[in-house]
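Presented below is the structure to which this report refers.
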Amino acid sequence: MRRLVDTLLVIAVLVAAWQVLHWVAGDALTSPAGTARRAWALMNGDTFWGHVRETGTAFGYSLGLAVIGGLAVGLTLGLNRTASSVAEPILVSVYSLPKVTLYPIILLVFGLGLSAKVAFGTIHGIVPVIIFSMNAVRKLPPIYLRAARSMRLSRLDMIRRVVVPAALPEIVSGLRIGFSLTLLGVLIGEMFASQRGLGFLIMNAIGQFDVDTMVAVILILAVVAVCANAALLALNRRLHQGAT
Amino acid sequence: MKSPHMRVVPADVHAQLAGVTRVYPAADGGPGVHALGPVDLSLRRGEFYAVIGPSGCGKSTLLDVLSGLSPPTTGEVVFEGKPVGRTVPDGIGIVFQEDASFPWLTVRDNIAFGLRQGGVDGAEIDRRTDYALAFMGLRDFARAYPPQLSGGMRQRVCIARTLVMQPRLILLDEPFGALDAQTRLIMGDELLRLWRETKATVMLITHALDEAAMLSDRIGVMSARPGLILAEIETGWSRDRDSTIASDPAFGAITSRLWSLLRAESIKAVGGSARS
Ligand SMILES: Nc1ncnc2c1ncn2[C@@H]1O[C@H](COP(=O)(O)OP(=O)(O)OP(=O)(O)O)[C@@H](O)[C@H]1O
Ligand SMILES: [Mg+2]
């Protein structure tokens, strides 16, 4: 209850700040009410959901690749002490590298379209998944692995039945960040390399000085991202509680 | 099938260490930590063997090497006539010094954990798990998670998890370390009951003189690091003993014998000098 009130309060403050900004900036930023109206109109139009589906498809592929690839690499590295101490600084520098610099290469390799977007989303999302799952495994109390070995678990069972569940709270933290960054990557990809999708819609609106549409799409994306993040955060909190 | 090269081990020897040492390599390529040995040790089939020694003398290392969890630096380890390699052989069960219960599983799932790898059918898993829950007094906590339990109960979960695998050799590393004195006595009696019922060979690592004197058939006394077996003491208790033998005059004699062997070693272990 307390949390709900706090959340509503934060939203109210944000909307108020937005309104003030609108008064200051004038037409450069649509008002909250105007944005909501435009968003409603968009959602009732006939092209909008096509763009959503486009973005959703690219996001789905990217997230799948980022999660599966990230877990496979992260868990493997985490179980190998030497490999993970070598990989960690490299991964952290890749993580902090502005990925836009890789953009020309991706375009050259994948061309315009879905695969470029997916590649872009994946490279954004996979690194935090790798880093978090690797560190989660490295931090595991060695006694869990010793106990598993004493019960003669095969290496695969050890990962499936001990490493993953023991590291799950940390892994979910990585997934949460991976989720946001994958979405970001896909949208950036769409802004440059696509004629469809929500990223394209934003870019197109900017090109046509259609501030209302631009802000409306951003609002819709923000709401979706915040809700997804909250859901993962709740899951995370529950898992962390279970572990202590 | 025995290869002709294999050392001839008498039939009543269940596990054997011959000339075993263990040196933990140093990270920087230095000389490393010489933790154990050389140790020669034979566990007889069905006996209750206690290992006692000052802290840090290599008791847990001895357990690791005997069970195949870590390789000996020199020497060889044999279990049931076969050399022990890099894996824990079937038939050995371990209860660790640290809390090794899995916090993400219920007590019940913890206990059934080792059985759920194929080979044992579901009904049999349930039967053995129910029995272990009852035996260890955990029936009311079957659906609790380990973090909700006391340290002593978590240790019982670990003991139960090892028991359901029906090991022929049970290695216990200070399993009662976290318990108060009265509970230790009761758990000791339980352990004796279990040993009688399962007819398994038991090796119990402890640093408590009375525990070693009360529970075991034989006691191996270890020196300060690098741990050597200084002496082996036969207690001569009957198989149906329990903690009431503490009032037996022989108990006092064994305990003081142990202390006279251990006193100097324990002082060495804490880095002091023996003052009299
Ligand atoms: N993985 C390791 N790497 C380096 N040194 C180790 C390692 N494990 C143990 N040692 C060292 O080897 C020695 C023996 O350790 P061990 O844990 O076998 O002693 P212990 O008799 O079980 O001690 P305690 O009574 O505290 O349980 C100690 O000096 C310890 O610091
Ligand atoms: Mg120890």
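Just so it is clear: chains get the letters A, B, ... in the order the sequence lines come, proteins before strands, and each one is counted from 1.
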How about [X]: does its [atom1] atom have over 12 heavy atoms from other parts shown lying under 6.0 Å from it?
X       : atom1 : answer
R139(B) : CZ    : no
R193(B) : CZ    : yes
L14(A)  : CG    : yes

TODO: Residue by residue, scan residues 135-146 of chain A and write down, ordered by number, those that have a heavy-atom distance under 4.5 Å to chain B; if none do, write 'none'.
DONE: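 The stretch touches chain B at I143(A), Y144(A), R146(A).
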
Task: Side-chain heavy-atom pair W104(B), V162(A) within 4.5 angstrom cut-off - done: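 The answer is yes; the side chains approach within 4.5 Å.
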
- [ ] Counting only heavy atoms closer than 4.5 Å, note whether S101(B) contacts chain A via side chain, backbone, both or neither.
- [x]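 Contact with chain A: backbone only.
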
Task: Contact class of P89(B) relative to chain A, heavy atoms under 4.5 angstrom - done: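 The answer is the backbone of P89(B).
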
Open item on the list: Holding to ring pair (Phe, Tyr, Trp, His ring centres under 6.0 Å), I want the full list of residues that pass it with F113(B), two or more places apart in sequence or in another chain.
Closed with: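 Once residues adjacent in sequence are excluded, the partners of F113(B) under the ring pair (Phe, Tyr, Trp, His ring centres under 6.0 Å) criterion are F102(B).
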
Which heavy atom in [X] sits nearest to a heavy atom in [Y], and how many Å separate them?
X       : Y       : value
Q117(B) : R161(A) : CG-NH1, 3.6 Å
R149(A) : G68(B)  : NH2-O, 3.6 Å
I94(B)  : S150(A) : CD1-CB, 3.7 Å

Task: Per-residue contacts, residues 120-133 of chain B versus chain A, heavy atoms under 4.5 Å - done: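 Residues in range: none.
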
Task: R152(A): partners by salt bridge (charged side-chain N to carboxylate O under 4.0 Å, His left out), with sequence neighbours left out - done: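 Counting only residues at least two positions away or on another chain, R152(A) forms a salt bridge (charged side-chain N to carboxylate O under 4.0 Å, His left out) with D90(B).
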
Task: Contact class of L153(A) relative to chain B, heavy atoms under 4.5 angstrom - done: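 Both parts, heavy atoms under 4.5 Å.
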
